[in-house]
Amino acid sequence: MDPLSSLRSQRLQKLKKIEELGAQAYGYSFKRTHTAEEILSAYKEAMDVSTAGRIMSMRRMGKASFAHIMDVSGKIQIYVKQDNVGEETYSIFKNLDLGDIIGVKGQVFKTKTGEITVLVSKLELLAKTLRPLPVVKEQVKDDEKIVYDAFADKELRYRQRYVDLIVNSDVRKVFEARSKIVSEMRRYLENRGYLEVETPVLQPIYGGANARPFVTHHNTLDMTFYLRIADELYLKRLIVGGFEGVFEISKDFRNEGMDRDHNPEFTMMELYVAYEDYEFMMDLVEDMVYTISNNVFGSHKIEVDGKTIEIKPPWKRMTYMGAIKEYTGHDLLDKTTEQIFQVAKSLHIEVEPNAGKGRLLDEIFSEYVEPKLIEPTIIKDFPIEISPLAKKHRSVPGLTERFEAFVLGKELCNSFSELNDPIDQKERFEAQARLKAQGDEEAMMIDEDYIRALEYGMPPTAGLGIGIDRLVMLLTASPSIRDVILFPQMRPEKADKKDEPEQK
RNA sequence: GAGGGUGUAGCUCAGUUAGGUAGAGCAACGGCCUUUUAAGCCGUGGGUCCUGGGUUCGAUCCCCAGCACCCUCACCA
């Protein structure tokens, strides 16, 4: 027998003993009067409480034992004494393991060492564990938590997030923060009167971003659908339809590489506001991120790698070309493709010989500018070639009214004055189609229905897309997207003999 | 896609300097123990050393291939 199943069978034995003692191993409900944290904060000598949680540590000394049980609020120590609970319950207790979930009733007291503890008078098993929990020990010293033998194997933590959440309390904090961030964002947008809507995930024509899609098939219609790569084109159809402020918070799917910043499915918030432009959106995004941070963390500073990032508006603003000039010394506005090509070469950027202007600029920008944008910075007026859905700049030819905000060298959001000229939009789509024909798998498809919608007239509109995962990474100082996604995408687990159901 | 790293007990890790099938702490099991607290004391059990090949009398270790995860770069928002 392998060791894991021997640990399991020991637990199965205990389960049997407990049942033989007439107790139930899997309860139906348990009425609590206090959470662990409430007991600590409401402490009064001899206060009666009823609380429940998972056994995280046990110190047994013959006929009396201490244990800590943990619920969502924290940990509380319990003291189980045979004289108090009776022999029968105590023998049940002796068959409990770390990880078991129990409910207890009793009076609160302070031990010699001053720890608030429940002196148990009644104990009920609510769920018996069959698998051993990773044993993590903690010691609190001068407010600093020292963790011994932390459950640290990232692969196991991501694959078995339930275990990670049980033993690594900071993990839950990240996801609680994530939930609050989304909820604060929703409230922020609703307070401004914008309407949350839902648009299709399954799309016959994908669009709104440059990315390769997931492909699927509908049986009854016998046709190909794509999982959306963006919500954009549907949301703007709603602006055509007369809504004046709509947003959607939802999953997008991109069939691309996975790394620290990319998960195949990720959460996006897109917002469209009629009669506004990108300048309006710059102010909005600054204020929104600042407000969310304040409301969730009570702070507008972020500590990362020993750096302190101030996110209070106003953020630094630069033009795209201005930023390239500042960080490379080259003024590329009004330059020809050939001239830009030469500059790229002189900057030691590898470029394909037939790369277009937009591509060249994008390479230079990504290489020389992006990594420098540590403090929150808004970069505006992007080249038209890489902005097929953005409105032409009102005064500078070749540019669009598009901006992105960067923090810690990474993009935080993407926004523009939306292109509402159907003829211009059609030409942009056609340019994309030519790129696609040349083999650019990420170029956009022509969406005739979207053009038709624009032909009915879309008011001037400001649009914004903000990646929720990356915003959460920023605000929680998480180094990997996998740390802010509960169940990140992983390669399938190898079939593990140990995990096969036992034959009985 | 390229390079590097890691993979040993349920968990965290040693180790095999030079090839002879392996150790610690915690957890588990048994005994003693009715206010302890990262680990009370004594004892016991527990391993396909990631997988598959090769070299060898013999491989956890050396060689080759593969898999998973991590890091860097590339691709990519």
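Bear in mind that the values here come from a model prediction, so they are computed numbers and not experimental data. The sequence lines fix the lettering, A, B, ..., with proteins before strands; numbering per chain opens at 1.
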> Less than 3.5 Å between a donor and an acceptor, one on the side chain of Glu115(A) and one on the base of rU37(B), is that the case here?
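Yes.
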
> Any idea which of rC69(B), rU34(B), rU36(B) is nearest the Thr111(A) side chain?
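For the Thr111(A) side chain, the nearest candidate turns out to be rU36(B).
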
> On the nucleotide rU34(B), are OP1 or OP2 found under 4.0 Å from the side-chain N or O atoms that Arg60(A) carries?
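Indeed not, no polar side-chain atom of Arg60(A) lies that close.
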
> Does any N or O donor sit under 3.5 Å from an N or O acceptor when you compare the side chain of Ser57(A) with the base of rU37(B)?
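When only heavy-atom distances are counted, Ser57(A) does not reach the base of rU37(B) through any donor-acceptor pair under 3.5 Å.
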
> Look at the side-chain N and O atoms of Arg8(A) and state whether any lies under 4.0 Å from the OP1 or OP2 oxygen of rG46(B).
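For Arg8(A), the contact criterion (side-chain N or O under 4.0 Å from OP1 or OP2 of rG46(B)) is not met.
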
> Check whether the ring centres of Tyr278(A) and Phe382(A) lie less than 6.0 Å apart, and answer yes or no.
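Not under 6.0 Å, so no.
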
> Select base, sugar-phosphate, or nothing to describe what Glu411(A) touches, counting heavy atoms under 4.0 Å on all strands.
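Since a base atom lies under 4.0 Å of Glu411(A), the category is base.
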
> Looking at Lys251(A) and Glu265(A), is any side-chain nitrogen of the basic one under 4.0 Å from a carboxylate oxygen of the acidic one?
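Salt bridge flag = yes for Lys251(A) with Glu265(A).
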
> Return the pairing partner of rC29(B) with a 3.5 Å limit on both distances, Watson-Crick or G-U wobble; otherwise return none.
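Paired with rG43(B).
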
> What is the base-pairing partner of rU21(B), counting Watson-Crick and G-U wobble geometry with both distances under 3.5 Å?
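The base-pairing partner of rU21(B), which may sit in any strand shown, does not exist here.
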
> Compare the minimum distances between each of rU35(B), rC70(B), rC75(B) and the side chain of Asp259(A), then state the nucleotide with the smallest one.
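Of rU35(B), rC70(B), rC75(B), rC75(B) is nearest to the side chain of Asp259(A).
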
> Does Arg491(A) put a side-chain nitrogen or oxygen below 4.0 Å from OP1 or OP2 of rA68(B)?
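So the side chain of Arg491(A) is within the cut-off, an N or O lying under 4.0 Å from OP1 or OP2 of rA68(B).
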
> Tell me which nucleotide among rA74(B), rA38(B), rG10(B) gets nearest to the side chain of Glu367(A).
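The nucleotide sitting nearest to the side chain is rA74(B).
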
> Given side chains that start at C-beta, do those of Met490(A) and Glu155(A) come closer than 4.5 Å, heavy atoms only?
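Yes - at least one pair of side-chain heavy atoms lies under 4.5 Å apart.
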
> Under the 3.5 Å rule, do the base of rG25(B) and the side chain of Asp149(A) count as making a donor-acceptor pair?
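Looking at the base of rG25(B), it does pair with a donor or acceptor on the side chain of Asp149(A) (distance under 3.5 Å).
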
> Scan Asp153(A) against the nucleic acid and name what it touches under 4.0 Å (heavy atoms): base, sugar-phosphate only, or nothing.
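Here Asp153(A) touches the backbone only, sparing every base.
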
> Does Glu19(A) pair with Lys128(A) as a salt bridge, N-O distance under 4.0 Å?
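No, Glu19(A) and Lys128(A) are not salt-bridged.
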
> Remember a base hit wins even if backbone is also touched, and classify Leu156(A) as base, sugar-phosphate or nothing at under 4.0 Å, heavy atoms.
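Sugar-phosphate, backbone atoms only, no base.
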
> Suppose we define a pair by two distances each less than 3.5 Å, Watson-Crick or G-U wobble; what does rU72(B) pair with here?
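Paired with rA2(B).
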
